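This structure is a prediction, so every number in the text was calculated from the model and none was measured.
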Amino acid sequence: MLTAARTTLIILLALLALTAASVAVGQDSDEAVDERIVEVERLASEVERNPDDIELLIELGNLYYEVGMDNEALATYLSVTEIDTTHVGALTNLGSLYTEMGQFDNAEARLLQAARLAPDNAMVFTNLGSNHYARREYVEAVDMYRKALSIDPDSVEAHFNMAVAFADAQIFDEAIDEWQKVIALDPQGEIAQICRDNIDMINEFRRGNQ
């Protein structure tokens, strides 16, 4: 799973839907973005001197992703898999990026490869769920989120994304239940407030359709 630095939230049926399985929200200041771009340039120079350093490559790929340089992030993660074809982190990040780019078959292939290598990695199955969700395969998405939660019952991402799938299908009680679990896991966190807002929107939606 990509680092939770950039998350796109969209409105569906007046409810929130999460696009790539990552849960962090909020816009960085221009100054913070500029600082990361400087860091990208520094890391890129370091990678040129150490082109086979996987940890440096992963860090650079993550930074590319954070500043919205998706093609560069994709190329960087691919270079990791050329060095190590079994690198679960790079495969998982590739799956997330391919999902965001709408290349769902490529995403599924990478994520299934990661799942075979790391069958106890909850994030891999969360991302598989998000790939199914992006394809509007909601039953399959929920199955993958449940698989993730069977591995890690406290996965905020899996609970949140499963709630989104339920909400999109207008299975509101289950959606609220999943968002309440997120709130219980981190009551003071920013994502908890998003869950509260989502629950409020569902209740308002219901009142407007009575």
Side-chain angles (χ1 to χ4, degrees), residues 1-12 16-118 121-137 140-141 144 148 157 160-161 164:
M1 176 64 194
L2 287 163
T3 56
R6 189 191 70 186
T7 297
T8 305
L9 292 173
I10 60 175
I11 300 296
L12 282 178
L16 284 180
L18 187 65
T19 60
S22 178
V23 179
V25 296
Q27 297 295 322
D28 291 323
S29 67
D30 290 341
E31 181 179 350
V33 171
D34 289 342
E35 288 176 356
R36 284 215 300 274
I37 290 174
V38 170
E39 180 64 9
V40 164
E41 293 171 349
R42 184 193 69 77
L43 268 178
S45 295
E46 195 168 346
V47 165
E48 285 183 6
R49 296 189 296 271
N50 303 277
D52 295 328
D53 189 322
I54 287 179
E55 294 308 313
L56 272 179
L57 285 165
I58 290 290
E59 187 176 356
L60 178 60
N62 290 348
L63 277 172
Y64 277 140
Y65 178 78
E66 290 172 20
V67 299
M69 300 171 67
D70 289 355
N71 289 330
E72 290 81 358
L74 189 69
T76 304
Y77 294 134
L78 284 169
S79 68
V80 173
T81 62
E82 290 172 1
I83 298 167
D84 179 2
T85 59
T86 64
H87 195 287
V88 173
L91 292 168
T92 305
N93 286 7
L94 281 169
S96 290
L97 267 176
Y98 279 134
T99 295
E100 288 193 18
M101 293 175 172
Q103 298 184 36
F104 302 128
D105 290 341
N106 281 338
E108 185 173 20
R110 299 290 179 165
L111 290 168
L112 287 175
Q113 185 180 355
R116 287 191 293 271
L117 292 165
N121 188 317
M123 189 60 72
V124 171
F125 291 97
T126 298
N127 286 8
L128 275 166
S130 294
N131 187 51
H132 284 297
Y133 178 85
R135 297 169 112 158
R136 300 185 180 277
E137 297 170 352
E140 293 85 351
M144 288 298 101
E157 293 88 355
F160 189 95
N161 289 7
V164 167

To the nearest 0.5 Å, tell me how far M144 CE sits from E137 CD. 11.0 Å

Taking D53 for its side chain and L56 for its backbone only, find out whether a donor-acceptor pair lies under 3.5 Å. yes

Rounded to the nearest 0.5 Å, what's the gap from CZ on F160 to OG1 on T126? Could you check? 13.0 Å

Salt bridge (charged side-chain N to carboxylate O under 4.0 Å, His left out), that's the test. Do R135 and E108 meet it? Break it down for me. CA-CA 11 Å; R135 297 169 112 158; E108 185 173 20; 3.0 Å; yes

Considering all heavy atoms of both residues, which atom of T99 and which atom of F104 are nearest to each other, and what is their separation? O-CE2, 3.5 Å

Euclidean distance, D70 CG relative to M101 CE, rounded to 0.5 Å: 5.0 Å

Please check: side-chain N/O of Q113 versus main-chain N/O of T85, any donor-acceptor pairing under 3.5 Å? yes

Mind checking the CD-CG spacing from E46 to L57? Nearest 0.5 Å is all I need. 10.5 Å

Let's go through L74 and Y98 carefully: what are the C-alpha distance in whole Å and the side-chain angles of both, what is the deciding distance for side-chain contact (heavy atoms from CB on, under 4.5 Å) to 0.1 Å, and is it a yes or a no? CA-CA 8 Å; L74 189 69; Y98 279 134; 3.8 Å; yes

Can you name the nearest heavy-atom pair linking G61 to A73, along with the distance? O-CB, 3.5 Å

Could you go step by step and tell me if L78 and R110 meet the side-chain contact (heavy atoms from CB on, under 4.5 Å) rule? CA-CA 11 Å; L78 284 169; R110 299 290 179 165; 3.5 Å; yes

Which distance, rounded to the nearest 0.5 Å, do you find between the OG1 of T76 and the CG of L60? 4.5 Å

Measure the spacing between CG of N131 and CG of N106 and express it to the nearest 0.5 Å. 10.0 Å

All heavy atoms of A148 vs all of A122, minimum pair found to be CB-O, 3.4 Å

Residue of the set V124, L111, L117, N127 for which side chain to side chain contact (heavy atoms under 4.5 Å, CB included) holds with L91: L117

May I ask you to decide if N62's main-chain N or O and Y77's side chain share a donor-acceptor pair within less than 3.5 Å? yes

